Every structure is written in C-alpha cells, then in structure tokens.
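Chain letters run A, B, ... following the sequence lines, proteins first, then strands; residues in each count from 1. Nothing here was measured: the structure is a model prediction, and the numbers come from that model.
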Protein chains: 2
Amino acid sequence: MPSVTLSDVAREAGVSLATASRAINGSANRTVRPELRDRVLAAAAALHYSPDANAQAMARGRTTTIGLIVHDIADPYFSSIASGVTAAAEQAGLMVTLASTGHDPEREIAFIEVLQSQRARAIVMAGGRTDDEAVNDRLRAALAAYRAGGGAVAMIGQPLFDVDTVVIENAAGAADLAGALHGAGYRRFAALAGPAGHLTARDRMDGFTAGLAAHDAALARDHVVRSAFTRDGGYEGMRQLLESGAAVDVVFAVNDVMAVGAMAAARDAGVAVGTGIGIAGFDDIVTLRDLTPSLTTVRVPLLEVGTAATELTLAEPAPEPRVQQVASTVVLRDSTPPRN
Amino acid sequence: MPSVTLSDVAREAGVSLATASRAINGSANRTVRPELRDRVLAAAAALHYSPDANAQAMARGRTTTIGLIVHDIADPYFSSIASGVTAAAEQAGLMVTLASTGHDPEREIAFIEVLQSQRARAIVMAGGRTDDEAVNDRLRAALAAYRAGGGAVAMIGQPLFDVDTVVIENAAGAADLAGALHGAGYRRFAALAGPAGHLTARDRMDGFTAGLAAHDAALARDHVVRSAFTRDGGYEGMRQLLESGAAVDVVFAVNDVMAVGAMAAARDAGVAVGTGIGIAGFDDIVTLRDLTPSLTTVRVPLLEVGTAATELTLAEPAPEPRVQQVASTVVLRDSTPPRN
DNA sequence: TTGTACGCGTTATCAA
DNA sequence: TTGATAACGCGTACAA
C-alpha cells in the first residue's frame, strides 16, 4: 500500500504541489505551461498516481456520489429504475451508492443518515410509501436534515414529501386500463388490491374504480381482495377470489408480479387465463413479456423514471418542489382477449 | 449548509476535540468518563452532528465502501447477485457502490479506477468474461493496480484473474442436465450455444456435451446454433433451428432468458413447448418461475453467490487466490416432460 | 482520563 | 504562470 500521493508526483516532476494539482485536474481558470503540465502528467503516469477521492471531497467540499435507495434491488421494478439511475449518474460523472432496504423504513432512515455522512450530492428514493404517519414523519425529518446540509433529493412515487418527485401516473393509467377492458367487452370486474395503506396500490385502485365509474361500471365490494404486493400475494388473493365463487370476467392486479401469481392460481384451479378469466397487471415488467398468455398491463417507463429522478436532483434547486409526471400507457395483450 | 463539525460538538460540550471523537466513535481502548460521554452525545444530538465519512476515511486510512461491477443491473441475473452483495455489505457495515457497465470492458476498467480513487475496500466483479486476451490483460492490470493499493477483489464466474473467485458450476450443472434429459427419454438434442468467445456459454456447452457423451449421446454439429446471450438471441436461434428442419426432441439454451426467447419462437412457429419440443435453460431466474409451461433449468443460487463473493473480499487475504465452488442443481419442470 | 498537536491528501487563497 | 501555505474534518500518538 505504498499509496503514491500528489506530493510524490510533484517532487518527481520537480514542481510544486499546487502546480501538480492544477496540471492534473486542469483547475478552472488557472492554467499551467504545457511543458510543465506534460512533465507532471508523465510523472503521474510513471508513479501510477491515483487521486484520493476522499481527500478531493474534503478539499472541494463536495463529493461525486449519489445515493439510491430502493426496497429490493432483486425486484425487476427497482432494478429497472436502478438501471436508469446508474446510466444518468455515469453521464454526469457520478458514482451510485446503492441501498436495498427490504421494505424496512428504519433501514431507509438509517441509509439516509449514512448517505448524509458520505456527503452524497443527492439521494434518489424509489418505492411506494405507506400511510403510516409516524414513520413518514421520521423519514421527513431525516430528509430535511440531509437537505439542510445541501443535499438534493428526488422521490419516485407519490409527491408527499415536499421534495422533487417523479410521479408515475398510477391513477390515470389504471383508469385507462379500466376503460380499455370495458371497451373489450368486460363487465364483471374484480381486483387484487394489494395491502391496505400501500399508496401505490391505493392510487391504482382509485384510478381503476374511477375508470369503471366513467363507464357506469363498478367493482362489487366482495370482488376486491387485499393481499401482499408480491407474487405470492397475487396467488393467494386469486385463490380466495376463485374460492368465493364470485362471478367475474376479469381481474385487475395492482402490479405485474401479483398478476403472475394470479395467473398461476387460476391455472392451479383449472381456470383458463384469457378464455376463462381475464387478468391484467400494472408496470409492464420486461422479463414478464413472454408469459403465456401474454399479460395485459399498464406500461411504466421505469428506466426513464430513474433517469428523470436523477436529473431532477442534479438540476438547479427550485424554490418549489418540482413534480414530474411520467405517462403510463395501456398495453392490451392475450390475457384479456376481446369479449363479445 | 452550516455543516456542524466535531469541533462544534466539542465546544458545545465543553470538552476537547479528542474527547469528543472518543466519546462518539468509542475509540478502541481509550475510554471516556460516562458523564463527559453523555454530555458529548447530548451536544451532538442537539447540534444534529453528522460525522463526515470522507474526513473519517482520510484520518483512518480506510473507507467503508465496497464496489460492485455488473454488466447490467436490470438483468435479473445480476440484480439477484446485487441483492446478495448489498445484504452481506450491510451486515458488515459497508456501503455498496454500484456500476453497471452495459457489457463494455472499457467501462469496467474505468470503474475499477474510480473505485480505486474512492479507496473502496473491496471490489466484487460479476459477469462472464470473454476470451479477448487484449482486454483481459488491461483488466488484469487495472485489478493489479487496485490490489497493490491494498484493495481486495472477488470475481464471480471463471477463475481466470488470479483473484478470489466464486465459481459457478456451469459445466457440472449442464452435464447433470444432459443426464437428466437423457434419463427422461430425450435422444435428439440441440443447443442454443450463445456467442462464440463467451466463457460462461462455453463452459455450459462443454458440460452439456460431456454429459451427453457419458450416455453415449451427442449433439449433431448442425444442431448447435450460435446467437446472442439474450432473450432475442434465444428467439433468433430457435427460429433458425426450427427453420432448418432439424429433427430435435429437446433444446438446451445456455441461459434462462435465451430459453424464454426460444419458447416464444417455438410458439410463433406453431410448435408446442413440452409436448412438441422440450426446452431447458440455465440459472433458474426467480421471475421466470411462472412461465407456462414451467421451464426446466439448472438452479444457481445467485443471492448466495453474491454474499459469498462479498465475504471472500472481507476475509483475511490469503496467500493463494481462493476458489469457492457454488453447486448448481437440475430442476426438471414441464418444459421437458418425460418422453417415452 | 483528558487535552495538545500533528498528519491524512487535496484544493484554494494569496503573494511573488 | 508558479509556489508557499492555510484550510477541510477527523483520528490518534504523545504528553499531561
């Protein structure tokens, strides 16, 4: 670990520390005579000099790090967003520090504090919030402390934290989906609504309900099943629904992985997806595009969501929190064939 | 940005900087009188003190960062590994800096250099290598420079870089798969072999071939199709295979996403997967477990692979590069029903 | 047990 | 254009 420093380079090149520094990072309006510059660069190369980012951060007063907090990086929803974030970050010459919280708000808060210690330039937070105001308040406080230190924050989801937010059109997309399904001839609707208190799930349900209402249709109360926001939640919800003997044409699951679970449950119950019962999801997860039958869903451009959030944090701070809408679009596929 | 420093805390608490430091991080054998310690902690809380990780890194001479380099974080293969890495890192009190290179070796090298600047404690590199020795040499050099600076490295894949490596049993798993398919009654084999020069693909092909040979079976030359290591590569390869009119029972795709593409191509060609033609993959990607028919594959415990690699980098440096085998296991499902 | 003072590697300020 | 030198925030010998 004979870590070579800038002083070593300067000595080797026979110049002062200051000159070496200027030669290497091309400090703003300060310029260095080409001859000296070359000597410094040569010395740096010869000694395998590698600038110490921590020291630079201290001296400059700012880092080149941006933090990304997600619920679960193994979930394709979040890994797609992460992909957008890393791309935008690299574009801006920043490194991404990743935190996967496993849906634990305590860890979200802890990570915010770590990122604050790291003096990360910005934090992008993805993942549905809940309506637990006690937790939200602590989160708000952590974010406020971070921002007081000069950090930028962008959230992905609902604009409930008074920070820049990329808002996914959950309600509008679900309403469009409802309309499209109605247009395809479906009349008896059911929904796998996800857990109570899950805001994304709630928004999608609200939109779906509103969309139905616009066509004088509705969701019978016992046609709404609450279960986890996961594949297994979808399976379990669908199982209950089928067991209840409810007369249903089509089932709306509030996300794709729940829809996948629902499809599995239908199959296991001997009900044909598509011809027997329609199933629709939300998100349009890329890896799920080859399901059979192919899944009707609402596409959310997750990669763009990630880049948009990142760019928001890098933009000039605005007096008012910015809200950037991202359009979602209905994609009708074979899991909901036209009904006549 | 009135960033409060440890000096502020010390002054507020009426103690020296040293005492404040000791009180807050509980410096090794130095102890602080409880009364003072409480006063310091109270002051820190009152002032919302947040230690500067960069300054700590400089003073301590080591960071709390570990780097993760993957080809594509949106790919479930890598996001599963990432999940294991973040979990193990959190366990060890470290932050993960993520780089997604888009399969570009130049960017891999660039990221290694950035992580070196960051003085990251360790780097975990996931993703198949190629046999391009020019590129491999530059990578080797970058890694050597990083390690010379005291950094630890673990690779996931093939042990060709003289560093600690988590080796996935590609050949053995593929051989087992070949045996299992033969045992299920399949006799006329074909393979979607992935691109030439892709070492993971090659290992899996070699294993599959060897496994067949052990049962006096073989892969006709024109039953091996080369195409990209992606979903679309699988689709295209299968299309070619079907078009060629080759007489085939079962197709081995060297990874799951290629198998998914192959399934789609078979369907588009009117060939029933399972009853008409068997298809098998490799990896057992979680999100793909609900395909219809369910996909026969070789399970690789990717999360464990990620944690294992992380733990390798954190262990005491060994004189010789360590190689940790991770077993892969055949999972027979409906895409290759028993043949009689 | 506490405090003083130096060093970590850079950048930036100010003279020269 | 170049060069001393003072920060940056913290840890830690060393002395008290």
If we ignore angles and hydrogens, is there a donor and acceptor under 3.5 Å between the side chains of [X] and [Y]?
X: B:S50; Y: A:E113; result: no
X: A:S83; Y: A:S80; result: no
X: A:T19; Y: A:S16; result: yes
X: B:T200; Y: B:Q158; result: yes

Report the distance from atom [atom1] of [X] to atom [atom2] of [N], rounded to the nearest whole Å.
X: A:R11; N: C:dG9; atom1: CZ; atom2: P; value: 12 Å
X: B:I24; N: D:dT12; atom1: CD1; atom2: C1'; value: 16 Å
X: B:R22; N: C:dT1; atom1: CZ; atom2: C1'; value: 8 Å

Detail all sub-3.5 Å separations between protein N/O atoms and N/O atoms belonging to nucleotides 6-10 of chain D.
unit_1	atom_1	unit_2	atom_2	d
D:dC10	OP1	B:Y49	OH	2.4
D:dC10	OP1	B:D52	N	3.3
D:dC10	OP2	B:L6	N	2.4

Could you go through the salt bridge (charged side-chain N to carboxylate O under 4.0 Å, His left out) check for B:R140 and B:E133 one step at a time? CA-CA 10 Å; B:R140 236 184 292 268; B:E133 280 308 322; 3.0 Å; yes
The residue among B:V124, B:V166, B:V323 that forms side-chain contact (heavy atoms from CB on, under 4.5 Å) with B:L312 is B:V166
Indicate the ring-plane relationship of B:F229 and B:H198, choosing parallel, tilted or perpendicular according to the 30° and 60° boundaries. parallel
Residue-level proximity of residues 34-48 of chain B to DNA chain D when a heavy atom falls under 4.0 Å: none
Salt bridge (charged side-chain N to carboxylate O under 4.0 Å, His left out) between B:E106 and B:R138, intermediate numbers included: CA-CA 9 Å; B:E106 300 302 326; B:R138 297 187 46 216; 3.0 Å; yes
Would you indicate, yes or no, if C:dG3 has its OP1 or OP2 atom less than 4.0 angstrom from a side-chain nitrogen or oxygen of B:T19? yes
